[in-house]
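Below is one structure, written out as structure tokens, with a few remarks after it.
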Amino acid sequence: MKIGVLALQGDFAEHLQALERCAVQGSPIRRSFQLEDIDGLIIPGGESTTIAKLTNSDNTIFDTITNKIKSGMPVYGTCMGAIFLANEIEGSSQGRLGLMSIKVRRNGFGPQKASFESYIDIPCLAENGAKSEPFHAVFIRAPLILSHSPEVNVLAKLDQSISENIIMASQNNMLVSTFHPELTGDLRIHKYFLSMVE
Ligand code: GLN
């Protein structure tokens with residue numbers, strides 16, 4: 001299995017390290033042809049307006065990514081990656097892949113100083129019916145997922161009582177989290193994505 005990590009900007013190096021710790025071959029992706037032999041793709045956290053600008057110039061790599069995702073290649077977007085996959089970004093027409101039926105609000109918790117960490121319950125990480133240990137989640141200028149269409153599975157919420165507080169979701173071969181599992185030692189979400197690829 002070979003997993004590509006989009007390496008145009010953002011914290012791709014941390015995702016590559018997480019894949020290495022999962023004993024899986026990770027490959028930085030900067031050019032379209034490098035996508036040819038990968039089985040899954042991670043789009044890291046970073047700055048969505050920066051990657052959006054790249055979509056204004058040479059679109060070859062984004063067209064290839066779009067075609068591969070539409071043909072079933074699993075993709076996992078963290079934070080900026082989730083914004084880039086969303087089909088609606090509140091109040092913005094910035095470039096995006098727009099493949100997942102979610103509406104996001106950038107910097108949904110506030111500016112950089114409102115970044116935070118929390119231990120969250122992610123039921124899909126449960127093994128053999130046992131409740132999973134809380135996941136140490138790091139939120140850095142994280143987006144909010146404000147709404148979604150019925151085909152989206154909500155996998156985790158920050159606060160169960162607030163409908164807008166979705167922090168992890170999937171839709172067919174697409175997985176997103178608004179936090180950064182690559183920044184803590186916990187590999188469970190990377191492994192969850194790898195099981196989607198398998
Ligand atoms: N706030 C950033 C954006 O809108 C995303 C931050 C992140 O990926 N940690 O692009």
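As the structure lists them, so they are numbered: ligands from 1, and atoms in each ligand from 1. In this text the structure is predicted, and so the values were computed from the model without any measurement.
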Pairs of donor and acceptor atoms involving the side chains of residues 190-198, under 3.5 Å and at least two apart or interchain, shall be tabulated with distances.
residue : atom : partner : partner atom : Å
His190  : NE2  : His15   : ND1          : 3.0
Ser195  : OG   : Tyr192  : O            : 2.6

**Asked** Taking the six-membered ring where the residue is Trp, are the ring centres of Phe62 and Phe84 under 6.0 Å apart?
**Response**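 They qualify: ring centres under 6.0 Å apart.
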Counting only heavy atoms and a distance below 4.0 Å, can you name the residues contacting ligand 1?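 Lining ligand 1 at under 4.0 Å, by heavy atoms, one finds Gly45, Gly46, Glu47, Ser48, Cys79, Met80, Ile83, Arg106, Asn107, Ile140, Arg141, His180.
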Answer whether the closest heavy-atom distance between the side chains of Leu6 and Ile42 falls below 4.5 Å.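 The answer is no, as the side chains (C-beta and beyond) never meet within the 4.5 Å cut-off.
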Check: Could you give all pairs that pass the side-chain hydrogen bond (donor to acceptor under 3.5 Å, both in side chains) test and reach residues 135-150, with sequence neighbours left out?
Finding: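 Qualifying pairs: Glu47-Arg141, Ser101-Ser149, Gln112-Arg141, Glu117-His136, Ser149-Glu151.
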Run the side chain to side chain donor-acceptor pair (under 3.5 Å) test against Asp37 and tell me which residues pass, sequence neighbours left out.
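Asp37 satisfies side chain to side chain donor-acceptor pair (under 3.5 Å) with Lys2 once adjacent residues are dropped.
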Checklist entry - Can you name the closest pair of heavy atoms from Tyr76 and Ser177 and give their distance? => result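 Closest heavy-atom pair between Tyr76 and Ser177: OH-OG, 2.7 Å.
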